[in-house]
Novice: 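Pasting a structure below so you can have a look.
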Amino acid sequence: MRDYDFRKIEEKWRALWVANKTYHVEEDEAKKKFYVLNMFPYPSGAGLHVGHPLGYIASDIYARFKRQQGYNVLNPMGYDSYGLPAEQYAIQTGQHPEKTTFQNIDRYREQLDKIGFCFDWDREVRTCAPGYYHWTQWAFQKMFNSYFDTALGKAQPIDQLVANLEAKGTEGINAACSEELCFTADEWKAMSEQEKSQTLMNYRIAFLGETMVNWCPKLGTVLANDEVIDGVSERGGYPVEQKKMRQWCLRVSAYSQRLLDGLDTIQWSDSIKETQKNWIGRSEGAEVQIKVADSDIEFTIFTTRADTMFGVTFFVLAPESELVAQLTSAEQKEEVDKYLTYVKSRTERERQIDRTVTGVFSGSYGINPITGEKCPIYIAEYVLSGYGTGAIMAVPAHDSRDYAFARHFNLPIIPLVEGADVSEESYDAKEGIVMNSPMEGKPSLNGFTLNGLTIKEAIAATKKFVSENGLGRVKVNYRLRDAIFSRQRYWGEPFPVYYRHGIPCMIPEECLPVELPQVENFLPTESGEPPLGNAQLWAWDEANRKIVDKALIDEKTVFPIELFTMPGFAGSSAYYLRYMDPNNGEALVGEKASEYWQNVDLYVGGSEHATGHLIYSRFWNKFLFDLGVSKKEEPFQKLINQGMIQGRSNFVYRIKDTNTFVSLGLKDQYDTTPIHVDVNIVKNDVLDVEAFKAWRPEYETAEFILEDDKYICGWAVEKMSKSMFNVVNPDMIVERYGADTLRLYEMFLGPVEQSKPWDTNGIDGCHRFLKKLWQLFWDKDGNLQADATEPTADNMKSLHKLIKKVSADIEEFSYNTSISAFMVAINELTAQKCRSREVMTQIVALLAPFAPHMAEELWEALGQEGSVCDALWPAFDEKYLVESSVQLGVQFNGKVRFAMQFPADATPEQMVEMALAAPEAQKHLEGKQIVKTIAVPKRIVNIVVK
RNA sequence: GCCGCGAUGGUGGAAUCGGUAGACACGAAGGACUUAAAAUCCUUUGGCCAGUGAUGGCUGUGCGGGUUCAAGUCCCGCUCGCGGUACCA
């Protein structure tokens, strides 16, 4: 008997893998590539808990499986070490973020190393390393120097646009922009440097814009839309307010359509695709010009329901709209001002919670271009400035928000759909036949009518009419906003930008990276003064092309450098490209490496990044694709979202006002308070009473009311967190059971994509399985018991059943079922007393992705050359599974009554005949008539009787 | 509100094309070995009923209907839970 000494085995192979560079990977033209990637972690101070490695284990198994299939597998790892989480931790612990970040990285690495991953650590990237963020800055400069050509549908050099402006002004320009501009070449040439710079910002993909931002005073920075949840910050849950600020932005919106189209080309879950589709929010509609009565002013509204133009009874402007000032009449001014003050006083959160109808009449009237009718123009906060044109036509009969507004202000409601009852609520559905369009006897431009059409036909007809008659145009709107790209924080990539007389200029490419300067005080400020303002060495000497002391700023050759830093998503947007060629000093990624690795074949990470990282990354990659740097338009071909591992908390029940604790089964007899107890002193819900007394001083004198001499704890599934005392540390599991057991158990818990609670109790099963597997290989004297005996038919059947199952399951990330199949196979082979070296060798090859340490040890014991990582994946052969007979259930009237053997090749007719002849069948046939018989080979026989 | 996903024993979860529901594992109960513990092994384990027993019968996949020879699986209508999103016109 040789004991399964997992500590010795795992330590041995960890060292050998490092020494032999087993997981080092190079481009190899002779082999097909496969790129597996995990979302890299931000190293938090708490270290890893047992939930973090779940995705890494899943992808590691897949990577090893692909390698054994002969692929050249890239499976790198790194750290997302810039950004808010790292900085918040530093602030909380009062240490410099650089120090804590490096400590945390070391801790992560130590923990990761114990789990047996096949990462190629030579390719590690850290977003806070200058050699890495060099290329983040570089990409930013490329975006600054590009615009998005809407005719070509791709990014182009800004110089081309400038050339066009020099020659023809804005004529013939197809560029994504913040607002439509129109000027001539002469006007362009007449502009000052400042004005030109300002004008180009309207087109650049990375641009400085004066926009409404989510300002979080507590965090002291602005936040992107996806970093704000329910009106509070995602990090820390602090209030967020809307504020107009000058910020760097990325014109992500220019890529809306490509981001949408790309979703059809990648293998992601429906739910994530759906989330992204909603976030991009494409809506097809029309923009219509509205003339204001007794004025030259015109404004534009956006609608997706062009068919309802005959039902317009008022117009509404967003309070933030620039039109508000122009359209407010003298008589209404006081009331409008009062309303605007009220709107400004409300925070984003108040607006979300309190949806009571508010608004004010502007004093002006808009003219419905089709009916010629005058309708009042209101100002109301239910219309958003950021979407569409910030102005709408209101059709209360067919829009619930307009309906509520009309009821509140007593405005007319005109139904436009036959049979629609609008006395109580609006009819919003897009189904039905149009009427009242126009109403009998009412005028309509050129006799235009929609009556009798279905709504869908009416929408199309109106769009056509509107564009043909110059009333407006067909327009597609997207909800996707440009990303706000600057943060008033210290711990992030500095912008490679300086300001010459207020004009932003790029620090020359060959001077990159611009390194983050050291500062004493890195704390953010509520007023929004960036911490980089504290950096002394932070000015750009244009003549000498270097960073100098800011005391030298003279606005002639020495200028101030940008004080903002980049947001967390900057560094994580293109890191997968850097892994391909991590040490390249000349480029983000070399041509050869980029050509070879292409893009990520399998990406594993949490679904919480659906509207953040996964959108930004796709955008960033599309931009780099336009530049020719990235070779595939989509960065992540297949995406697997691992579920969250929740905690399983334990409770003890203290009788109120005492120090006596009562066991779960008896607690209802007392008035008790549940108290969280550390899950590490509870086994199978039984409390270790002595450990509990030692846990906290106040429990030292605790008394217990037991049942069956045991204290049974209650339990609940909660988030895994320190405060619930339900955190389980992977180091502890590795120490007690070994890394192979941890890997197996994490996968055995359930489907990778599903969230499930961690319960250490079940781990014994996986550990026992590994022990059994180990024992299969050794006799009682500790000698290998694999010899050259011919495998029996049973051996081969067990083996090939397993090969088939495991091969198929890994491909579908159904690891829990493959491990079950493994358990069955090992039990069978043990019962068969299998000795065959051939079978044993293949079993080890199959085991390798799951339990690599043990597999290596057995592979070596079997006398095999090299690492088991390169063991060929066993080929499945159907012939070993062919059965001469098969056992099937025989049904009467759809209910299974008994089981019997059938020849595997029996025809349905033969099966029915055999089933009817069986003695067990007789009692079911007695006095009954056969109505119908059904037989499906290898499935079922069913006899219907009456 | 809208969109998406889900609900199976005491627990985690299996079940390919609609074809013997509950694989595998945990826990529990009983037993073997042991001075004892740990470890290991064996038996039972969805519920109810009948039988000394082998066994047999009924029932059973959130609820209510339907399609089908046959439904955890398909269709219709609900309930609950999770995730996303929201005055997006």
Side-chain angles (χ1 to χ4, degrees), chain A residues 1 3 229-230 269-279 281-283 285 301-306 308 316 318 351-352 355 357 380-384 386-395 398-402 404-405 428 477-481 607-608 610-611 641 643-644 648 684-686 715 717 744-745 748-751 753-766 768-769 771-772 775 805 808 812 814 816-824 827 887-900 931-936 938-945:
Chain A
M1 198 67 84
D3 279 338
I229 298 183
D230 294 334
S269 71
D270 288 344
S271 70
I272 280 256
K273 283 189 187 181
E274 202 56 40
T275 302
Q276 290 211 342
K277 274 184 197 163
N278 290 341
W279 190 257
R282 180 190 158 102
S283 65
I301 56 99
F302 175 74
T303 180
T304 53
R305 289 293 303 273
T308 58
V316 189
R351 241 175 123 156
Q352 274 181 17
R355 295 277 171 89
V357 176
E381 58 179 340
Y382 85 89
V383 173
L384 307 176
Y387 185 76
T389 59
I392 62 151
M393 62 178 212
V395 185
H398 302 291
D399 181 289
S400 54
R401 295 153 302 180
D402 298 344
F405 195 85
D428 291 16
N477 250 325
Y478 299 91
R479 203 183 74 100
L480 186 67
R481 295 278 91 93
S607 56
E608 67 272 21
T611 54
N641 297 116
M644 272 235 299
R648 187 180 187 278
N684 289 338
D685 294 334
V686 177
W715 63 275
V717 173
L744 228 48
Y745 186 55
F748 186 70
L749 270 177
E753 297 179 79
Q754 194 172 304
S755 287
K756 58 241 158 190
W758 176 270
D759 181 0
T760 307
N761 290 337
I763 201 167
D764 286 327
C766 286
R768 274 199 275 267
F769 157 69
K771 276 202 244 180
K772 275 188 214 165
Q775 297 307 338
K805 182 78 178 143
E812 286 165 28
S814 180
N816 55 333
T817 51
S818 24
I819 294 168
S820 296
F822 238 116
M823 291 173 172
V824 172
N827 279 339
Q887 190 185 31
L888 296 180
V890 177
Q891 302 178 348
F892 281 84
N893 292 342
K895 274 206 168 99
V896 178
R897 293 300 165 174
F898 60 92
M900 67 181 282
V931 178
K932 193 176 179 181
T933 60
I934 299 106
V936 184
K938 297 187 183 175
R939 293 264 157 190
I940 201 82
V941 179
N942 189 11
I943 316 286
V944 185
V945 293

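Labels below follow one simple rule: chain letters A, B, ... track the order of the sequence lines, proteins then strands, and each chain is numbered from 1.
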Novice: Say we look at U73(B) and G19(B): how far apart would their C1' atoms be, to the nearest angstrom?
Specialist: 11 Å
Novice: Just confirming the chi classification of C17(B), syn or anti, using 90° around 0 as the syn window.
Specialist: syn
Novice: When you get a sec, tell me which of A25(B), A14(B), G19(B) is the closest nucleotide to the side chain of Arg939(A)?
Specialist: G19(B)
Novice: Say you pick atom P in A21(B) and the same atom in C58(B); how far apart are they, in whole Å?
Specialist: 13 Å
Novice: Mark yes or no for a side-chain to base donor-acceptor pair under 3.5 Å between Gln754(A) and G6(B), with no hydrogen or angle criteria applied.
Specialist: no
Novice: Nearest to the Asn761(A) side chain among A39(B), A21(B), C26(B), which nucleotide is it?
Specialist: C26(B)
Novice: Taking only the P atom of each, what is the distance from A23(B) to U44(B) in whole angstrom?
Specialist: 13 Å
Novice: Which nucleotide wins on minimum distance to the side chain of Arg897(A), given the candidates U20(B), G4(B), C58(B)?
Specialist: C58(B)
Novice: Show me the protein contacts with nucleotides 28-30 of chain B, counting only N or O atoms at under 3.5 Å.
Specialist:
none

Novice: Take the protein atom CZ of Arg479(A) and the nucleotide atom P of C3(B), then report the distance between them rounded to whole Å.
Specialist: 16 Å
Novice: Nearest heavy atom decides the nucleotide; on that basis, is Lys938(A) or Tyr382(A) closer to the 5' end of RNA chain B?
Specialist: Lys938(A)
Novice: Which label fits G9(B), syn or anti, where anti is any glycosidic angle not within 90° of 0?
Specialist: syn
Novice: Does C26(B) have OP1 or OP2 sitting under 4.0 Å from an N or O in the side chain of Arg768(A)?
Specialist: yes
Novice: Which value, in whole Å, describes the distance between the C1' atoms of nucleotides G6(B) and G27(B)?
Specialist: 26 Å
Novice: Which one, C69(B), G12(B), G13(B), comes nearest to the side chain of Leu749(A)?
Specialist: G12(B)
Novice: Would you please enumerate the stems RNA chain B participates in, each stem being three or more consecutive Watson-Crick or G-U wobble pairs with both distances under 3.5 Å?
Specialist: B:1-7 with B:79-85, B:10-12 with B:24-26, B:27-32 with B:40-45, B:46-50 with B:55-59, B:62-66 with B:74-78
Novice: If I pick the P atom on A32(B) and the same atom on G9(B), what distance separates them, to the nearest angstrom?
Specialist: 34 Å
Novice: Could you please name the option among G13(B), A89(B), U85(B) that lies closest to any side-chain atom of Trp279(A)?
Specialist: U85(B)
Novice: Round to the nearest Å and state the distance from Asp759(A) atom CG to G12(B) atom C1'.
Specialist: 8 Å
Novice: With sugar-phosphate meaning primed atoms plus P, OP1 and OP2, does Lys772(A) contact a base, only sugar-phosphate, or nothing at under 4.0 Å between heavy atoms?
Specialist: sugar-phosphate
Novice: Quick check on RNA chain B: between Ala821(A) and Ser271(A), whose nearest nucleotide comes earlier from the 5' end?
Specialist: Ser271(A)
